[in-house]
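One structure below.
Here is the naming used below: chain letters follow the sequence lines, and residue numbers restart at 1 for every chain. Remember, predicted model here, so these are calculated numbers, not experimental data.
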Amino acid sequence: MPFGDIQNNLKKESLWGSWCPFEYGHRFTALSLEETLMGGQSFDWHPIANLHWRGRVERNIFECRWQNGEAEWRCQKKTVHPEELIEKYFCLGAGYEASLNELPWRSDPILDLCMKQLKGLRILRQPLDQTLFFFILSSAKSIPQIQAIGDAVFQRYGDQLIEDMYSFPGWAKLAEIPEEDLRLLKMGYRAKYISQSAKFINDQPGWLESIPQMKYVDAKNELLKLPGVGAKIADCALLFGGNFLEAFPIDTWIEKSLEKRYSLEGWSTSQKTHFARVHFGKFAGLAQQFLFSAERLGILDKH
DNA sequence: CTCCAGGAGATAT
DNA sequence: ATATCTCCTGGA
């Protein structure tokens, strides 16, 4: 490595604060930390080394890593009140554990296995505007593809946060972008959804911001008004971007999982939604996350 | 080359 | 209500 690069890296490194353990760090495992950041609920995190990720929390850059058997985080020195940001973003605190305890794990051996194998898996509290954006992009796309398209949009239209990370441009900015320009960023048919949803949101100031205050059913019905937002994407936006832990998104993984693990072959999607609400209860979204990750990682077939 | 993804919307029954 | 087709792109 040339001397200039070494100096440059030292300079970059000096911008970072020291590593901190998570306050409830013992609850993460290497697997659950990775799955929380990279499992498809967020598209803000990028791996930069083995078990080491960099990502956005609001307009700040944080890093997380698994080191010496525990989870750690750090952020740039200029970040204001980083502990509060982390606590909020990762939903740290006793309330989350209490919610997990209300899931029917005592009577559901499948859920119990998922929760034991993925101990520490969390649902993040992300901003609704950006989460909605990513999940409109998500239809019939894999996680890396969604992230790549998002990165391109952020880089082209967002603000630069650090060397290679940019902010979510916001719906107001997206409303100004011609649909054809969005198509150039490989959105395909989703470009129309983004463009039209941006106009819808822009034409009704305060509408999107009011959604997190609503009851779940009302919030979902509002989001369903957006072009490109059906039941699945509305539930993803509410669960990952609106702190609605009762939202139970049913994608093809969960659809197949419910059929296979809970013998719901032949049930319609709406019947499965009803089953989930009755069986998993008011924190069904938490159960969904454990079930989804377990299927994705192939955990249930091993046991 | 064909097929189909972590979906939604339009159309037809 | 339910079934089928199409919409872009990229990877198997």
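- Among the heavy atoms of the strands lying under 4.0 Å from Ile143(A) is at least one base atom, whether or not backbone atoms are also near.
- Protein atom CD1 of Ile136(A) is 16 Å distant from nucleotide atom C1' of dC7(C), rounded to whole Å.
- Using a 4.0 Å heavy-atom distance criterion, Leu224(A) is classed as making no nucleic acid contact.
- A donor atom on one side chain and an acceptor atom on the other are not found under 3.5 Å apart for Gln67(A) and Trp19(A).
- Within the nucleic acid shown, Ser142(A) has no heavy atom closer than 4.0 Å to any nucleic acid atom.
- No donor-acceptor contact under 3.5 angstrom links the side chains of Asp164(A) and His46(A), judged on distance only.
- Between Gln145(A) and Ala234(A), the one whose closest nucleotide on DNA chain B sits nearer the 5' end is Gln145(A).
- Separating the CG atom of Asp235(A) from the C1' atom of dG7(B) is a distance of 13 Å, rounded to the nearest angstrom.
- Judged purely by distance below 3.5 Å, without hydrogens or angles, the side chains of Tyr262(A) and Asp108(A) pair a donor atom with an acceptor atom.
- One atom, OH of Tyr193(A), and another, P of dT6(C), lie 15 Å apart when rounded to the nearest Å.
- The base of dC7(C) lies outside donor-acceptor range of the side chain of Arg190(A), with no N or O pair under 3.5 Å.
- Here the nucleotide nearest the side chain of Lys141(A), chosen from dG6(B), dA8(B), dG10(C), is dG10(C).
- Among the heavy atoms of the strands, none lies under 4.0 Å from Pro249(A).
- Residue-level contact check: Gly228(A) touches the backbone only, with heavy atoms under 4.0 Å from sugar-phosphate atoms and none from bases.
- A donor-acceptor contact under 3.5 angstrom links the side chains of Ser32(A) and Thr29(A), judged on distance only.
- Distance check on atom P: dC3(B) versus dC5(C) gives 13 Å, rounded to whole Å.
- Going from atom CD1 of Ile194(A) over to atom C1' of dT9(C) covers 15 Å, rounded to whole Å.
- Among Trp66(A), Phe28(A), Tyr89(A), the one residue that satisfies the ring-ring contact (aromatic ring centres under 6.0 Å, His included) test with Phe22(A) is Phe28(A).
- Salt bridge Glu176(A)/Lys199(A): absent, no basic N to carboxylate O contact under 4.0 Å.
- dG7(B) atom C1' lies 14 Å from atom CD1 of Ile149(A), rounded to whole Å.
- With dG11(C), dA8(B), dC8(C) as the choices, the nucleotide that has an atom nearest any side-chain atom of Ile233(A) turns out to be dA8(B).
- Across the strands present, dC8(C) finds no partner; the criterion is a Watson-Crick or G-U wobble pair with both atom distances under 3.5 angstrom.
- The base of dG9(B) lies outside donor-acceptor range of the side chain of Tyr189(A), with no N or O pair under 3.5 Å.
- For Lys186(A) and dG10(C), the shortest distance from a side-chain N or O to OP1 or OP2 is below 4.0 Å.
- For the pair Phe200(A) CZ and dG9(B) C1', the interatomic distance rounds to 16 Å; values are reported in whole Å.
- When only modelled atom types and interatomic distance are considered, Gln126(A) and Thr131(A) share no side-chain donor-acceptor pair under 3.5 Å.
- In the model, Ser139(A) has no side-chain atom that pairs as donor or acceptor with a side-chain atom of Tyr193(A) under 3.5 Å.
- Across every strand in view, dG6(B) sits unpaired, with no contact that passes the Watson-Crick or G-U test at under 3.5 angstrom.
- Here dC8(C) presents its P atom at 7 Å from NZ of Lys192(A), a figure rounded to the nearest Å.
- What separates CE of Met38(A) from P of dG6(B) is a distance of 16 Å, to the nearest Å.
- Shown for residues 274-301 of chain A: no residue has heavy atoms falling under 4.0 angstrom of DNA chain C.
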